[in-house]
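Shown next, in C-alpha cells, is the structure this report addresses.
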There are 4 protein chains.
Amino acid sequence: MTQSDPIQAQLIAARRNQILDAATKVFAQKGFHRATIKDVAKEAGIADGTIYNYFENKTGLILGLLERLNETRNRAANLEQVSQGDLQEQMRTYMAHRFETLEAQGFDLLQVLLSELLVDADLRDLYYQQIIKPTYDLAQTSFKQWEDDQRIKAIDPFLSTRIISGAFLGLILLRLLGDTELQERWHELPAAITEIVLHGLLPGENNEQDANR
Amino acid sequence: MTQSDPIQAQLIAARRNQILDAATKVFAQKGFHRATIKDVAKEAGIADGTIYNYFENKTGLILGLLERLNETRNRAANLEQVSQGDLQEQMRTYMAHRFETLEAQGFDLLQVLLSELLVDADLRDLYYQQIIKPTYDLAQTSFKQWEDDQRIKAIDPFLSTRIISGAFLGLILLRLLGDTELQERWHELPAAITEIVLHGLLPGENNEQDANR
Amino acid sequence: MTQSDPIQAQLIAARRNQILDAATKVFAQKGFHRATIKDVAKEAGIADGTIYNYFENKTGLILGLLERLNETRNRAANLEQVSQGDLQEQMRTYMAHRFETLEAQGFDLLQVLLSELLVDADLRDLYYQQIIKPTYDLAQTSFKQWEDDQRIKAIDPFLSTRIISGAFLGLILLRLLGDTELQERWHELPAAITEIVLHGLLPGENNEQDANR
Amino acid sequence: MTQSDPIQAQLIAARRNQILDAATKVFAQKGFHRATIKDVAKEAGIADGTIYNYFENKTGLILGLLERLNETRNRAANLEQVSQGDLQEQMRTYMAHRFETLEAQGFDLLQVLLSELLVDADLRDLYYQQIIKPTYDLAQTSFKQWEDDQRIKAIDPFLSTRIISGAFLGLILLRLLGDTELQERWHELPAAITEIVLHGLLPGENNEQDANR
DNA sequence: TATGAATGAGCATTCATTCAT
DNA sequence: CATGAATGAATGCTCATTCAT
C-alpha cells in the first residue's frame with residue numbers, strides 16, 4: 001500500500017539491528033535463557049511486542065545474530081587480500097586479521113552463540129553449514145596449494161586445517177572461559193601460533209630466522 | 001541423627017552418583033535447560049523431591065558433574081606415568097591418553113558442561129580454578145623442563161601451553177559443533193598434532209621420518 | 001465535519017458491508033475468538049486500523065452481523081406473503097421459506113453468532129429482543145388466528161409456538177453439530193415437520209392423504 | 001512406589017471433580033474464553049499449576065466436562081426403565097425424565113459446552129460420536145419398534161427422530177438464549193410436546209381428550 | 001529418608017487497540 | 001480517512017522447589 005520499499009527496508013533493517021544490539025548486550029550479561037524478552041525490549045527501548053514484529057520468537061534473535069555474524073564474516077572475507085611476503089608473514093597477517101575480526105564482533109556475542117550452539121542441534125547444523133564449513137573449505141584449499149607449491153610439507157591437509165583452526169577456536173574458548181592472562185597477551189598469539197605451526201617446537205634448522213630469510 | 005558416618009557416607013555417595021548418572025544421560029539428550037528435574041528423577045528411578053536431599057538445586061547437579069569430572073581427571077593424572085621413548089613418542093602417548101580420558105567421560109557431558117560454563121560466570125570461575133588452571137600449570141612445568149633440557153626450543157612456555165591445549169580444546173569443540181568427518185578421523189589426531197607441533201609445517205630436516213626413527 | 005450526508009452514508013455503509021463480509025468469512029473459518037482483527041482486515045483488503053473507523057471494537061463486528069441478519073429477516077418478513085392453499089400447504093411453504101432464508105445467510109455465520117450469543121449475556125438479550133421475540137410474536141398471532149378459525153385445535157399457542165420454532169432451531173443446531181446425514185435430507189424437512197406437527201404420529205384419520213384433500 | 005491404587009484413584013477423581021465443578025461455575029459466568037485458568041483455580045481454592053496436574057490444558061477442562069456429561073448420561077440411560085402405560089404416557093414420562101436429567105446437569109454447563117462445540121470442530125465430532133449419535137440410535141430403534149407394532153404411523157423414522165430430538169434440543173436452546181417465559185412453563189413441556197407429536201394440531205378424532213382418557 | 005502433589009513465580013507470546021504520519 | 005508499526009496488558013503454561021505424610 002505504501003510506496004518506498006527501499007526506505008521501508010532500511011527502517012526494518014535498522015529496527016532489527018537495534019533489537020539485535022540490545023539482545024547481544026543482554027544475552028552476554030545474563031545468558032540466553034536467563035535473559036527475558038522484556039529485558040531485551042527494555043534495553044532496546046521498545047515494547048515487548050515490537051520484537052515480535054521483527055523476529056519470529058526468542059530463538060529468532062539467535063538466528064538473527066548468526067546471520068549478522070555471517071554477513072560480517074562474508075564482508076570481511078571479500079576484503080581479505082592476499083598478503084604479501086613469505087609464508088610466515090602471510091600466515092601471521094591472516095591470523096592477526098582473523099583475530100581482529102573476532103575482536104570486533106565482540107567476544108560476548110561469541111560466548112552467547114557458542115553456548116546456544118552447543119545446546120541446540122538445529123542451530124548447530126545451520127552454523128556448521130553456513131560458517132564453519134566454508135571457512136574450512138577455504139583454508140583447506142590454501143593448504144593444498146601451499147603443499148603443491150612445496151612451500152609446506154605434505155601433511156594431510158584435512159587434519160592440518162582442523163588442527164590449526166582448532167587451535168584458533170580453542171584459544172578463543174580458553175579466553176571465554178576466563179583465562180585473563182591469555183587475554184593480556186592476546187596480541188602475541190598470531191606470531192606465536194605461526195611460529196609453532198611452521199617451525200615446530202623441536203630445536204633445529206627450521207627456526208624463525210631461517211624462515212624469514 | 002546421623003550415626004555410622006562411613007556407611008552413611010557411602011550410601012550418600014552412591015545415591016549422588018546414581019543421580020548424577022541420570023543427570024548426565026538426561027542433560028546430554030535434552031541439554032541442561034530443557035531437561036527438568038522430573039526427567040532426571042524419572043531416569044534415576046526416584047522421586048523429584050529426593051534429588052533435593054542430595055543437591056542444593058538444579059545448578060547443584062552441574063556442580064556435582066564438574067566435581068566428578070575433576071576427580072576423574074585427578075585420578076587419571078595420578079595414574080599418568082611418564083611414558084618412555086623420545087619426546088615425540090611421549091607427546092603422542094600423552095595426547096592419545098588425554099583424548100581417551102575425554103572419550104570415556106562422554107562428549108555429551110562435555111557439551112552440556114561447556115554450554116553452561118559459557119553462560120554462568122560463577123561456574124566458569126570454579127571450573128577455571130579447579131580444572132583448567134591445574135592442567136595448565138602441570139603442562140607448563142613440563143614445557144619448562146623440556147626447554148631446560150633443550151629438548152625443545154626456547155619459546156614462551158606460557159603461550160605454547162595455551163596454544164597446544166587450545167588446539168586440543170578447539171578440536172573437541174569442532175567435533176561438538178558437528179564436524180563428523182573430524183570425528184571419523186579422531187584417532188589420527190594425536191599423531192598429527194604431535195607432528196605439526198614438534199616439526200612444523202615447513203619442509204626441512206625436522207621431518208616426520210626422522211622423528212619416527 | 002461531515003457534510004454531504006447521503007453520499008457519505010452510502011460510502012460508510014459500503015465499507016461496513018465490505019468489512020462485515022470479510023468478518024463473516026473469517027469468523028466462519030476460524031471462529032470469533034481465534035480470528036484476529038488482522039485476519040479480517042486482510043480478508044477485506046484494508047488496514048487493521050481502518051476497521052476501528054467503522055466499528056467500536058471487535059465485538060462491534062458481531063453486533064454488525066446481528067444487525068444485518070435482523071435487516072435481512074425483516075425484509076424477508078415483509079416480503080412474506082400469505083401463501084395460498086390449505087393449512088398444511090401454507091405451513092410447508094412457510095417452513096421451506098424460512099429454511100431457505102437461513103440457508104442463504106449461511107450456516108457458518110449462524111454457528112459463529114450462536115456461539116457468541118451463548119456466551120455473551122448482553123448480546124443474547126439484544127438478539128432475543130430484536131429477533132427471537134418478534135418472530136415469536138408473529139407466529140403466536142398466526143396460531144391464535146388459526147385457533148380462532150378452528151383450523152387447529154385449541155392447544156396453548158404459547159407452547160405450540162415454542163415447540164415448533166424450537167424444532168426448527170433444534171434441527172439447525174443438530175446440523176451445525178455435525179449431523180451430515182441430516183444435512184443430506186435437509187430439503188425433506190419442511191414436509192416432514194408439517195406432517196408430524198399437523199397430524200401427529202398416531203395412526204388414525206388425521207393422515208396426510210386426508211389433509212391434502 | 002506408594003501402595004493403595006484405589007485410594008489414589010479416588011483422590012485423583014475427587015480433585016478432578018473439584019476442578020470441574022469450579023470450571024463449570026466460572027465458565028458459566030464468564031464463558032470459556034473470557035474465563036482464565038487463574039479464575040478456575042481461585043474458584044477451586046487451589047493453585048494455577050495444580051490444574052495442570054489433572055488436565056492437559058485449558059481445553060482439557062472442556063473435555064473433562066464432556067466426559068462427566070457422558071458418564072452421567074450413560075448412568076441415567078441404564079436406569080431408564082420402560083415406563084408403563086400407553087404410548088402417550090410412555091413418551092411423556094420419557095421426555096420428563098430427559099428434561100429432568102438435563103436440569104440436574106445444569107443449564108449453565110450446557111451453555112458452555114454448546115458454545116464451545118459450535119466453535120471447535122474436534123470437540124464437535126467427539127460430542128457427536130459420543131453423545132448425540134448414541135442417543136439417536138436408541139431413539140430411532142424405539143421408533144422403528146413402535147412403527148412395526150403399528151402404534152404409530154409409518155413415517156420416516158430417521159426424520160422423525162431428528163425432528164423430535166431437534167424440538168427437544170431447540171427448546172433448550174431457546175431457554176438458554178433467554179426465553180424466561182418458557183423457563184417458567186418448563187414443566188408443561190413434556191405433555192405439550194407429546195400431545196402435538198402424537199396427535200398433531202389439526203382438529204379431529206386424535207384429540208387430547210381421548211388421549212388423556 | 002523418600003515421596004510426589006501442590007505451589008506460584010516467571011515468561012514467551014498474542015492481539016486488540018491506538019495514533020503519528 | 002487510511003495506514004500499519006508500536007504498544008503493553010493479559011494469559012496459558014512450565015517447572016524448580018517445598019513440605020506434609
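In what follows, every chain begins at residue 1, and chains take the letters A, B, ... in the order their sequences are listed.
Rounded to whole angstrom, the span from the CG atom of A:L11 across to the P atom of E:dT21 amounts to 13 Å. The CZ-P distance, from A:F55 to F:dA5, rounds to 15 Å in whole Å. The interatomic distance linking A:N53 (CG) with E:dC15 (P) rounds to 13 Å, in whole Å. If you measure from atom CZ of C:R16 to atom P of F:dC1, you get 12 Å, rounded to the nearest angstrom.
Classified by interplanar angle (parallel below 30°, tilted 30° to 60°, perpendicular above 60°), the ring pair A:F32/A:F27 is perpendicular.
Within the nucleic acid shown, B:L61 has no heavy atom closer than 4.0 Å to any nucleic acid atom. Nucleic acid contact class of B:Y54 (heavy atoms, under 4.0 Å, all strands): sugar-phosphate only.
Pairs of residues two or more places apart, or lying in two chains, that qualify as side chain to side chain donor-acceptor pair (under 3.5 Å) and include a residue from residues 44-58 of chain C are C:K38-C:D48.
Among C:K30, C:R34, C:Q29, the one residue that satisfies the side chain to side chain donor-acceptor pair (under 3.5 Å) test with C:D39 is C:K30.
Every residue was checked against the side chain to side chain donor-acceptor pair (under 3.5 Å) condition with C:E67, not counting sequence neighbours, and none meets it. With sequence neighbours excluded, the residues satisfying salt bridge (Lys or Arg N to Asp or Glu O under 4.0 Å) with A:D21 are A:R68.
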Full working for side-chain contact (heavy atoms from CB on, under 4.5 Å) between A:I131 and A:L126: CA-CA 8 Å; A:I131 302 199; A:L126 193 71; over 6 Å; no

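To the nearest 0.5 angstrom, C:D125 atom CG is 10.5 Å from D:L177 atom CG. Atom CD1 of D:I19 and atom CG of D:L65 lie 11.0 Å apart (nearest 0.5 Å).
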Output a table of nitrogen or oxygen pairs between the protein and nucleotides 16-19 of chain F separated by less than 3.5 Å.
unit_1, atom_1, unit_2, atom_2, d
F:dA16, OP1, B:K58, NZ, 3.1
F:dA16, OP2, B:I37, N, 2.8
F:dT17, OP2, B:Y52, OH, 2.9
F:dT17, OP2, B:K58, N, 3.0

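In the region residues 39-47 of chain A, proximity to DNA chain E at under 4.0 angstrom, judged on heavy atoms, holds for none of the residues.
A donor-acceptor contact shorter than 3.5 Å links the side chain of A:Q18 to the backbone of A:A44. Although no hydrogens or angles enter the test, the distance criterion places a donor-acceptor pair under 3.5 Å between the side chain of D:S115 and the main chain of C:S115.
Annotation: of the two residues near DNA chain F, C:I51 and D:R34, the 5′-most nearest-nucleotide partner is C:I51.
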Pair pattern of DNA chain E in dot-bracket, where unpaired bases get dots and | marks partners in another strand, Watson-Crick or G-U under 3.5 angstrom: .||||||||||||||||||||

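A heavy-atom distance below 4.5 Å is not found between the side chains of A:R124 and A:E116.
For A:Q8 and F:dG4, the shortest distance from a side-chain N or O to OP1 or OP2 is not below 4.0 Å.
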